[in-house]
Amino acid sequence: MPDHKLTLISHALCPFVQRAAIVLLEKGVPFERIDVDLKAKPDWFLAISPTGKVPLLKVARPDGPDVVLFESVAICEYLDETQSSPLLLPADPITRSQHRAWIEYGSGVLADAWQFLNAKDVPTAQSKGAAFRGHLSRLEQLQGFGPYFGGATFGLVDAVFAPIFRYFDVLPDAVGAPLFEGLPKMSGWRQALKIRPSVAQAVGIDYGDRFKRYLFENGAILH
Ligand SMILES: N[C@@H](CCC(=O)N[C@@H](CS)C(=O)NCC(=O)O)C(=O)O
């Protein structure tokens with residue numbers, strides 16, 4: 001699909017945007033990235049985003065009108081189906097279904113991580129941290145990990161978990177240590193994702209500082 005110009009409409013801190021950026025980088029597809037201010041959404045953005053959320057993927061087609069895709073998983077699957085290898089979802093229907101289910105599971109893990117990180121009081125941080133660790137403990141029981149979710153090959157499940165684990169890489173070790181302690185597969189997975197070039201390149205170099213400033217400005221106790 002070399003003639004289709006792709007634009008990822010983004011926000012610098014959004015974990016859902018990172019999923020799509022990681023897929024584009026894994027596929028080696030050129031794309032333009034436009035960040036929008038989600039606190040003052042521009043009219044052009046509201047006109048094309050059904051949910052008012054990022055990411056959006058604008059697909060400019062030489063043989064038809066531009067199309068705007070929304071919802072990160074739908075965008076990632078579109079890219080996986082239309083761009084060249086490597087395929088990021090397995091070809092086998094059973095395994096593909098399992099990976100889709102773990103992607104959905106990943107959105108729940110992200111919600112717990114987000115609420116933990118943004119907690120404004122200790123009881124909330126404790127309960128959300130316990131929920132996050134509980135989710136990771138369940139994943140820890142799976143067979144076949146290493147270094148990535150599906151084994152040797154990086155896939156879409158990895159693209160979903162990489163932005164979650166990144167939070168703990170930019171914060172002091174003491175934040176993540178109790179959550180990952182005693183979970184060797186999760187710790188190894190986190191490390192493998194951290195050094196994957198597509199994961200590293202999916203955010204700007206100022207990501208860590210911006211994220212910590214965001215927590216501070218939002219009154220999170222962890223900042
Ligand atoms: N289910 C959506 C979630 C996207 C989402 O929540 N994006 C956030 C930024 S990380 C957003 O645009 N929020 C703006 C708003 O809710 O007004 C997806 O997977 O794309």
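Each ligand, and each atom within it, is numbered from 1 in the order the structure gives.
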- Item | Pair Phe161 and Phe149, ring centroids less than 6.0 Å apart | no
- Message: Below 4.0 Å from ligand 1: does a non-hydrogen atom of Pro15 turn up there or not?
- Response: yes
- Message: Starting from atom 10 (S) of ligand 1, what is the nearest protein heavy atom, named by residue and atom, and what distance separates them?
- Response: Cys14 SG, 2.6 Å
- Tell me which protein heavy atom sits closest to atom 1 (N) of ligand 1, plus the residue, atom name and distance to 0.1 Å. Glu71 OE1, 2.8 Å
- Task: Among all protein heavy atoms, pick out the one at the shortest distance from atom 20 (O) of ligand 1; state its residue, atom name and that distance to 0.1 Å.
- Result: Ser72 N, 2.9 Å
- Any nitrogen or oxygen of Val54, main chain or side chain, under 3.5 Å from a nitrogen or oxygen of ligand 1? yes
- Message: Both conditions, 6.0 Å and 45 degrees, for the charged tip of Arg190 above the ring of Phe168: are they met here?
- Response: no
- For ligand 1, which atoms sit closer than 4.0 Å to a heavy atom of Pro55? 20 (O)
- Counting only heavy atoms not in Asp121, do more than 12 sit closer than 6.0 Å to its CG atom? yes
- Task: Following the transitive rule for hydrophobic clusters with a side-chain heavy-atom cut-off under 4.5 Å over Ile, Leu, Val, Met, Phe, Trp and Tyr, establish whether Leu13 and Phe45 coincide in one cluster.
- Result: yes
- Note on the structure: ligand 1 to Leu38, heavy atom cutoff 4.0 Å, flagged ligand atoms 9 (C), 11 (C), 12 (O)
- Protein heavy-atom partner closest to atom 15 (C) of ligand 1 - residue, atom, separation in Å: Lys41 NZ, 3.5 Å
- Would you mind checking if Asp66 and Lys5 are paired as a salt bridge, meaning a charged N to carboxylate O distance below 4.0 Å? no
- Query: Nearest protein heavy-atom contact for atom 16 (O) of ligand 1: which residue, which atom, what distance?
  - Reply: Lys53 CE, 3.5 Å
- Task: Answer with yes or no after comparing the ring centroid distance for Tyr214 and Trp114 against a 6.0 Å cut-off, counting only values under it.
- Result: yes
- Item | Under-4.0 Å heavy-atom contact with ligand 1, by part of His11 that carries it | neither
- Message: For Lys27 and Gln83, which I'm curious about, is there any donor-acceptor pair between the side chains at under 3.5 Å?
- Response: no
